Asks: 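This is the structure I have questions about; it appears just below.
As the structure is a computational prediction, the values presented were derived from the model and not from experiment. Whatever order the structure lists them in is the order used to number ligands and atoms, beginning at 1.
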Amino acid sequence: MPFSIVVGAQWGDEGKGRIVDLLASEAEIVARYSGGDNAGHTVSVGELTFKLHLLPSGIVHSHTTGLLGNGMVINPGVLLEEMERVQQTGVKISPDRLKISHAAHLITPGHIALDAAQESARGSQKIGTTKRGIGPAYTSKVTRSGLRTALLHSPDKLEIAVIEHINQVNDQLTSLDSEGSLNAEKIATDYCSYADILAPYITDVGLFAYKALVDGKSILAEGAQGTLLDLDHGTYPFVTSSTPTAPGALVGLGLGIGTAGRVIGVVKAFQTRVGEGPFPTELSGDMAERLRGTGENDWDEFGTTTGRPRRIGWLDAVLLRYAVRVNGISELAVTKLDILSGLKSLAICSRYRIGEQEYLDLPQGPADLSQFQAEYEPMSVWDDDLTSIRSWDQLPVQAREYITRIEDLTGLPVKIVSVGPERSQVIIR
Ligand code: IMP
């Protein structure tokens, strides 16, 4: 795997963290390339459960080097807390092991306050953001007024830039009728203290990644969020503000087109979404509750970042085929197959319909799905517990049929199937 990319093929929360954890055993470098601490990746290793928001999941493997690419927006306070938490479990984090792009952008308390104020101004049209300041930080970036992490090398410039930025935010907050204004000097002092610790980590990540590939090392790029949350290709405007799709890994790490190889699309065996926006196969009632779980387990369907209950639905092959196309996915990994054991009914949406007209593909992307009616294929159910199964042949025939149907509907092989949250609970084909 010289340069492999793992992407979420749905609305995020597909269980990418554990697939990355599995593949990271073979990678020398693991990289995040988009988004920020809106992401939440849960990785279980033995007794330990890591909940990571900014660090690449593969960093828990001691042989890897982690990269945070230029496509990311980084809250330095959150990053330092996460580094501290991970170190307390015995995982070493040092400038040798973690490299942060000089061209990533900083999230500030100003961006977070704007995120909340803009969401409340949207009223019933709210997006349901994670309120981590993601959209406003990318807005600063594209309006060319953002704070790049390179500033952490120059505390004097950083101080001035943060004060100017917070003063501008205060004006914006006033125009949004938001209560309270932020203390620019205090925030600038905090950011200078973050710089003291983080400056040695800031480097040209693109150059580091390029040289690593030239030296024959392998890089695993770890997508956050999912295809349908992509700013261009998702269910706009109910999307995040970055490019989580596979091409975003090239731009977001500063690598050229020719470098990419394998693209692994991670698909949950059913479908979930947090936040607002269309969801054609959404379920309600007992079935949704059964698939969501109670929230007592780390793997139940509640947001890792916000704790919000996730919306639940049947697997949607129309949206999955779309994800295959826009990412250039070369193989699939299906997660959480074990959760489907013991259901009374099971279905896959294989096509959409408007009146007599059937659609296998989306005619105009996923932004407006309200006009379509999802058409389902009933699938056979099984009762067997899958959590201790480790080989394809031992799976109940109905579970194999379910996976094979996903392969038929997408034209791609399913090479990994996960049957539980632990590192070992996986079937590799
Ligand atoms: P933002 O990224 O916080 O601006 O949120 C925009 C939309 O993306 C909201 O619907 C969020 O719930 C959703 N979102 C952002 N990050 C994630 C994630 O990691 N998993 C699932 N949904 C996410």
Asks: On a heavy-atom basis, I'd like to know which of P136, P237, G303, G128 is closest to atom 9 (C) of ligand 1.
Replies: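 When every heavy atom of P136, P237, G303, G128 is considered, G128 comes closest to atom 9 (C) of ligand 1.
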Asks: In the protein, what heavy atom is nearest to atom 12 (O) of ligand 1, and what distance, to one decimal place, separates them?
Replies: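 Going atom by atom, the protein heavy atom closest to atom 12 (O) of ligand 1 ends up being R308 NH2, 3.0 Å.
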Asks: Got the closest protein heavy atom to atom 3 (O) of ligand 1, with its distance?
Replies: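 Looking at atom 3 (O) of ligand 1, the protein heavy atom closest to it is T130 OG1, 2.6 Å.
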Asks: Nearest heavy atom to atom 6 (C) of ligand 1: which of V239, T306, V274 does it belong to?
Replies: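 Answer by nearest heavy atom: V239.
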Asks: What residue and heavy atom of the protein are closest to atom 17 (C) of ligand 1, and at what distance?
Replies: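 Result for atom 17 (C) of ligand 1: Q225 CG, 3.6 Å.
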Asks: If you measure only the distance, is there a donor-acceptor pair under 3.5 Å linking the side chains of T143 and S145?
Replies: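 There is such a pair between these side chains.
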Asks: Starting from atom 5 (O) of ligand 1, which protein heavy atom do you reach first, and at what distance in Å?
Replies: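 For atom 5 (O) of ligand 1, the nearest protein heavy atom is T129 CA, 3.4 Å.
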Asks: Starting from atom 2 (O) of ligand 1, locate the nearest protein heavy atom and write down its residue, its atom name and how far away it is, to 0.1 Å.
Replies: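 Going by distance alone, atom 2 (O) of ligand 1 is nearest to T240 OG1, 2.6 Å.
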Asks: Using non-hydrogen atoms of the residue, decide whether F238 is closer than 4.0 angstrom to ligand 1.
Replies: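 F238 does not count as a contact of ligand 1 under the 4.0 Å cut-off.
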Asks: Students should be able to answer this: which protein heavy-atom is nearest to atom 20 (N) of ligand 1, and at what distance?
Replies: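 Scanning the protein heavy atoms, the shortest distance from atom 20 (N) of ligand 1 goes to D13 OD1, 3.2 Å.
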Asks: Specify the protein heavy atom at minimum distance from atom 23 (C) of ligand 1: its residue, its atom name, and the distance to 0.1 Å.
Replies: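 Protein heavy atom at minimum distance: L229 CD1, 3.4 Å.
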Asks: Which residues satisfy the ring-ring contact (aromatic ring centres under 6.0 Å, His included) test with Y138, sequence neighbours excluded?
Replies: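 By the ring-ring contact (aromatic ring centres under 6.0 Å, His included) rule, Y138 matches no residue at all.
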Asks: Assert yes or no for the condition that the ring centre distance of Y359 to Y352 is strictly below 6.0 Å.
Replies: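 Centroid separation for Y359 and Y352: 6.0 Å or greater.
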